[in-house]
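Below: one structure, written as structure tokens.
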Amino acid sequence: MAETSYAAFYRRSVESPEAFWAEQAQAIDWQRTWDQVLDRSHPPFAAWFVGAQTNLCHNVVDRHLADRAQQSALVYVSTETGQERSLTYAELHREVQIMAASLQSLGVGKGDRVLIYMPMIPEAVFAMLACVRLGAIHSVVFGGFASVSLAARIDDAQPKVIVSADAGSRGGKVMPYKPLLDEALRLSQHPAQRVIVVDRGLADWAQQDGRDMAYAELRAAHAQAQVPCVWVESTHPSYILYTSGTTGKPKGVQRDTGGYAVALHLSMRAIFGGKPGETFFCTSDIGWVVGHSYIVYAPLLTGMTTILYEGTPIRPDAAVFWRIAEQYRANLMFSAPTAMRVLKRHDPALLKRHDLSALRAIFLAGEPLDEPTGRWVAESLGKPVIDNYWQTETGWPILATPRGFPEVPSRPGSPGVAMPGYKVCLRNETDGEPVAPGEKGVVAIDWPLPPGCLQTIWGDDARFVHTYWSTYPNRQVYSTFDWGRQDAEGYLYILGRTDDVINVAGHRLGTREIEESISAHPAVAEVAVVGVQDALKGQAAWAFVVLRPGQLDAASTQQASIAAHVDAQLGAVARPQRICLVTALPKTRSGKMLRRAIQAICEGRDPGDLTTLEDPLALQQIPDAIARS
Ligand code: AMP
């Protein structure tokens, strides 16, 4: 970072992106250098480091062997099983090669997809790194998703191999994975996979001959395997990560290889202020983008030690994060506002019990950070709290206050300013014109997106263009689907989504996905799902259900049955907090569901202009339905 001021650094990133990113790319090992830094020939697509070859696994593991073979790379802490384990870079290298050889023995090669449906165990990280070592494309599915969600992702990604486990554990309760996977494969249109099962000894599992294999057997067979990294084009996909949108069908966010490595390396230095040899503790899950980027790739690209934690924030007590941070001398932490709101309900003395002298800052992202929670964490810990705003699509922060440039202070209520390469502009919803400072607008980013952001939607370029780049005809502008406001100094404030996507405890859920699942319940005639403000989780899903004729007698049984149905299909993560029974749903005369009006009533706000409402009674019965639920 040649510049001394963030303003100069940022300006160069957007005014001379080719020169800026070529310079940042020096931090990464390339097998072959690029012919072109940025291919601008097919907007809104942007291809970074075209013609170059590299390997992500080489950059996160192998290249550190010369200097840090004996440094701890991965620390594993499970308060669920009581296991703690530390692997050096040399040991990680060995384990990744064993997993890579295992995948290879099942036919996995460059470009093949491998679906990873696993709890927070080191083998999940080995599997991710083994895939990118081979040039295979991983798709990690969050362990909280159930069989229908999983089947949809299997059908879209069409993996050659699935890596899973017998079970996870949450709050001391064993959560079997294998039966959900078996059911997903039964539902799938693409059932020809091989399945590797990491048997943790937590739950019995049925082995299907010819399809399922225990990882222990593969591991023993390949214990000494040497598997070289496969050099791939910079633009070769490294992974697919599914995220919710406004339709029922999740979108497979596709990430490249070289651009991602360059962007994440820059982010760790400039935004997080992390240095080689330091320790990073991110409490997210590998099933989410934060886990991909800041449990696995960015810390390891930087030669740091990363902590992988299986457990909740409050077990055995609400000091567990800080106990781990103390024990492993964490220098930087990354968590979510909901986790902090959970801790806020416990004794504040717990935040003072441990020696956090190594800790420099805590980063929070994934959902809005309310000011009282941000202030509470900062005061209780006596450490800076850095809000940062981004999306699965971008892979790394769009807005933050960069720790590498201390002259940009954080401001309560704002995630910060635009990060390098992001030409953030607040635009008028109707014509796309930039709004004046202080006015509300859609948070948009001018083309091209910087390296590390999504290349496309897996298998669906048209959906990529249509979803993200078509809000304003004749403008190459990416929509985040968030509302925002910007002050005169460039700080942005995020004001909620412009679409029907909701955010429950930092987990992004499409209301349509939940509606589709509930609609499939035999007693349900019609349903609307809305996101309602929640003091703990930010938002909660509430479902308004019209039952089929003759089903009303057993109303409470139906509510429980609908909740169980969503659990089984999508997973408990998507279960509505309330299921309210109504006899009609508010719609316009043209049949459009008035979700915004329902949401307003749920939050005690004025539902606004209702002149187009077909049946006023439909809205009037909502407060009663809420009271009864
Ligand atoms: P996801 O792709 O699941 O990470 O969800 C991204 C969405 O979460 C964004 O579009 C925002 O709506 C929300 N979000 C993420 N980080 C923040 C933040 N720091 N402040 C406000 N909203 C956020």
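In each ligand, atom 1 is the first atom listed, and ligand 1 is the first ligand listed. Residues: numbered from 1 along the sequence shown.
- In summary, of the residues considered (Gln254, Arg255, His138), a side-chain hydrogen bond (donor to acceptor under 3.5 Å, both in side chains) with Tyr239 occurs for Arg255 alone.
- Scanning the protein heavy atoms around atom 8 (O) of ligand 1, the nearest turns out to be Asn503 ND2, 3.1 Å.
- Atoms of ligand 1 lying under 4.0 Å from at least one heavy atom of Thr392, given by number and element, are 1 (P), 2 (O), 3 (O), 4 (O).
- Near Ile494, with a cut-off below 4.0 Å to any heavy atom, the atoms of ligand 1 are 21 (C), 22 (N).
- The protein heavy-atom contact nearest to atom 3 (O) of ligand 1 is Arg508 CB, 3.2 Å.
- Closest protein heavy atom to atom 6 (C) of ligand 1: Trp390 O, 3.5 Å.
- Between Phe145 and Trp288, the ring planes are perpendicular. Angles over 60° get that label, and only those under 30° would be called parallel.
- The nearest protein atom to atom 9 (C) of ligand 1, hydrogens excluded, is given as Asp482 OD2, 3.3 Å; this is a heavy-atom distance.
- Using bins of under 30°, 30° to 60° and over 60° for the plane-to-plane angle, the ring pair Phe142/His507 lands in the tilted bin.
- Nearest protein heavy-atom contact of atom 16 (N) of ligand 1 is Gly366 N, 3.2 Å.
- Ligand 1 lies nowhere less than 4.0 angstrom from a heavy atom belonging to Trp288.
- In Asp387, the part holding a heavy atom less than 4.0 Å from any atom of ligand 1 is the side chain.
- Classification of the Phe363-Phe334 ring pair by plane angle, with boundaries at 30° and 60°, yields tilted.
- In this structure Phe280 satisfies the ring pair (Phe, Tyr, Trp, His ring centres under 6.0 Å) test together with Phe272, sequence neighbours excluded.
- Heavy-atom proximity to Asn388, at under 4.0 Å, picks out these atoms of ligand 1: 16 (N), 18 (C), 19 (N).
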